[in-house]
Amino acid sequence: MTILQLISSEGYYGAESMLLALARALPALGCGSIVGVFRDARACHGELETRAAQLGLQVETVPCAGRWDWKTVGRVRELVEAHGVDVLHTHGYKADVYGYAAAWPNRVALVATCHNWPSRLPSMRAYAAIDRLALRHFDRVATASGPVAEILSRWKVPAHKLKTIPNGVDMEPFREAAPSLRRELGAGGERLVGCVGRLVPDKGGALLLSAAQAVLAVFPNAKFVFAGDGEARAEWEALAVRLGIASKVVFAGRREDMPAVYASLDIVVLPSFQEAMPMCLLEALAAARPVVATTVGAIPKVIVPGVTGLLCEPGDAHGLSMAILRLLRDPELGRALGNHGRAHVARSFAAEVVGRSYIDLYQEAFDDHCRPAEVTSAWQRSRS
């Protein structure tokens, strides 16, 4: 069986990490795997293509001249036919819409993964409206969290097509990574508290900085590190100055060495106001880092308080600072949480485990897509 993963990427974030982990796991589970990446003429981001190639994955680029380009539809169709694709797996608005157009009528089974809530940006409203219509006609639609599934249900995606499948993480890169960021920062004996991900308001960076001020007042041997980039960076840098903690806050920017980043951190904090199932949470636990996170999205399904991490309510700066201080004062607790967290992720969220769930979903989509009389013979051909 051959799967084409299709995505429009604006960098290397959670959806991209999940896609590569899945694409890398599928061949060992009996599925061919191809990564298709849109190459937008207006804003070219090659991070995903580069990482996929480094992992030895087959990568195909899909040129796109703008928001709607019929040549792009033709290119996706060419890839489906050239590679004998059985299932087209789309990730995100743009891939959903182009994938649906390329698959119509009846060219290939369609599976989508909706990674998060619909964008609230006015510029994305048209895509969201078309996406709502397209997803109703997909053979299967997956999401990593129940709240997103509820939104899809309100969008009238049929219940039998919806399935909640957690994100999966490739454990291997995080096993023996060297803490190179710590050396780069000259941290020495300082305790590094890290926040990983896009620097956007929903990620709660401003809240973390408020908590950091309280933490540093009683535990000055700490430093806070933001790994990532985004629209809120300048605002948060200015806030750190206003709070008088700028010398204790590092904005490390976008990094290509995430296993080394996690290995350098003593604590990972996710102060988000909104999430589905953040990949940075799974990556931090795969790296055996103690985590403090908020009770949003699917995070409580991963973090068992006091066992695999610590939880606080979104928007609670005091609770966040108390949880961070607890771990700073008790390194043994942090090590225990990290080790239990890594074992939990290996059992339930490793890419191989999640890959099996996706293979089941692919088969369901394939079977529904084919006419009943063709199902058995077509499936057998696809497996040969």
Side-chain angles (χ1 to χ4, degrees), residues 5 7-25 33-40 43-62 91-92 115-116 167-187 192-200 203 205 223-234 236-237 249-270 272 277-289 291 342 345 349-351:
Q5 310 282 345
I7 190 170
S8 176
S9 177
E10 296 182 355
Y12 193 82
Y13 302 109
E16 288 81 4
S17 179
M18 173 271 178
L19 183 154
L20 286 193
L22 176 60
R24 192 178 184 192
S33 187
I34 302 161
V35 176
V37 185
F38 289 96
R39 180 172 289 170
D40 196 321
C44 185
H45 293 274
E47 297 95 330
L48 177 60
E49 295 168 69
T50 299
R51 294 199 186 199
Q54 289 171 345
L55 292 172
L57 294 169
Q58 185 171 359
V59 185
E60 296 281 4
T61 57
V62 181
H91 302 258
H115 292 269
N116 215 320
N167 288 337
V169 62
D170 184 356
M171 303 287 292
E172 191 59 35
F174 301 95
R175 294 190 193 281
E176 301 294 338
S180 57
L181 178 61
R182 175 174 288 277
R183 292 195 296 270
E184 182 182 323
L185 297 178
L192 297 184
V193 181
C195 182
V196 175
R198 291 180 300 121
L199 307 191
V200 295
K203 296 296 184 181
K223 182 170 282 187
F224 288 77
V225 180
F226 288 80
D229 213 342
E231 63 193 60
R233 176 170 177 168
W236 293 352
E237 287 176 329
V249 179
V250 174
F251 288 86
R254 187 174 295 155
R255 306 285 302 196
E256 300 295 326
D257 56 342
M258 289 313 301
V261 170
Y262 288 111
S264 301
L265 301 175
D266 296 289
I267 302 168
V268 176
V269 183
L270 283 77
S272 303
M277 178 175 280
M279 283 299 298
C280 58
L281 171 64
L282 299 180
E283 291 171 350
L285 294 177
R289 300 298 92 185
V291 170
R342 177 162 55 188
V345 167
F349 303 100

Subject >> Separation between OG of Ser33 and CG of Leu20, rounded to the nearest 0.5 Å >> reply: 9.0 Å
**OP:** Determine the minimum heavy-atom distance between Ala260 and Ala177, stating which atoms define it.
**Re:** N-CB, 4.0 Å
Original post:
Is it the case that Ser17 and Glu283 place a side-chain donor and acceptor less than 3.5 Å from each other?
Top reply: yes
Original post:
From Asp229 CG over to Arg198 CZ, what is the distance, rounded to the nearest 0.5 angstrom?
Top reply: 11.5 Å
Subject >> Val193 and Val269, any side-chain heavy atoms less than 4.5 Å apart >> reply: yes
Subject >> Test item: Arg255 side-chain N/O and Ala227 main-chain N/O as donor-acceptor pair under 3.5 Å >> reply: no
Original post:
How far apart are the C-alpha atoms of Asn167 and Phe349, what are their side-chain angles, what is the distance that settles it, and do they pass the side chain to side chain contact (heavy atoms under 4.5 Å, CB included) test?
Top reply: CA-CA 7 Å; Asn167 288 337; Phe349 303 100; over 6 Å; no
Original post:
With a 4.5 Å limit on heavy-atom distance, are the side chains of Val250 and Phe226 in contact?
Top reply: no
Original post:
Taking the side chain as C-beta and beyond, is there a heavy-atom pair between Met258 and Val196 under 4.5 Å?
Top reply: yes
Subject >> Trace of the side chain to side chain contact (heavy atoms under 4.5 Å, CB included) decision for Met277 with Leu281 >> reply: CA-CA 8 Å; Met277 178 175 280; Leu281 171 64; 5.7 Å; no
Original post:
After noting the C-alpha distance and the side-chain angles of Ile34 and Gln5, does the key distance pass the side chain to side chain contact (heavy atoms under 4.5 Å, CB included) rule?
Top reply: CA-CA 6 Å; Ile34 302 161; Gln5 310 282 345; over 6 Å; no
**OP:** Answer yes or no: is there a side-chain heavy-atom contact under 4.5 Å between Leu199 and Phe251?
**Re:** yes
**OP:** Taking the side chain as every heavy atom from C-beta outward, state whether Ile7 and Glu16 have any pair of such atoms under 4.5 Å apart.
**Re:** yes
Original post:
Does Cys280 reach the side chain of Leu270, with side-chain heavy atoms less than 4.5 Å apart?
Top reply: yes
Original post:
Does CD in Glu10 sit with more than 12 non-hydrogen atoms of other residues, nucleotides or ligands closer than 6.0 Å?
Top reply: no
**OP:** Taking all heavy atoms of Ser264 and all of Leu192, pick out the closest pair and write down the distance.
**Re:** O-CD1, 3.4 Å
Subject >> Donor-acceptor under 3.5 Å (Arg289 side chain, Ala287 main chain) >> reply: yes
Original post:
Do Phe174 and Val169 come close enough that some side-chain heavy atom pair is under 4.5 Å?
Top reply: yes
**OP:** Report yes if some heavy atom in the side chain of Val62 is under 4.5 Å from a heavy atom in the side chain of Val37; otherwise report no.
**Re:** no
**OP:** Please answer whether the main-chain N or O of Met171 pairs with a side-chain N or O of Arg342 as donor and acceptor at a distance below 3.5 Å.
**Re:** no
Original post:
Looking only at heavy atoms, what is the nearest atom pair of Ala351 and Ala25, with distance?
Top reply: O-CB, 3.8 Å
**OP:** May I have the step-by-step check of side chain to side chain contact (heavy atoms under 4.5 Å, CB included) for Tyr13 and Arg254, ending in yes or no?
**Re:** CA-CA 10 Å; Tyr13 302 109; Arg254 187 174 295 155; 2.8 Å; yes
Original post:
Is Arg182 salt-bridged to Asp266, going by a charged N under 4.0 Å from an acidic O?
Top reply: yes
Subject >> Distance under 6.0 Å and angle within 45° of ring axis: Arg51 vs Tyr12 >> reply: yes
Subject >> Nearest-0.5 Å distance that lies between atom CG in Leu265 and atom NZ in Lys223 >> reply: 12.5 Å
Original post:
Roughly how far, to the nearest 0.5 Å, is the CG atom of Leu55 from the OG1 atom of Thr50?
Top reply: 11.0 Å
Original post:
Which pair of non-hydrogen atoms, one from Ala263 and one from Pro179, has the smallest distance, and what is that distance?
Top reply: O-CB, 3.6 Å
Subject >> Sidechain N-carboxylate O distance under 4.0 Å for Arg24, Asp170 >> reply: yes
Original post:
Going from CD1 on Ile267 to SG on Cys195, what distance comes out if it is rounded to the nearest 0.5 angstrom?
Top reply: 13.0 Å
Original post:
Do Arg39 and Glu60 sit within salt-bridge range, that is, some charged N less than 4.0 Å from a carboxylate O?
Top reply: no
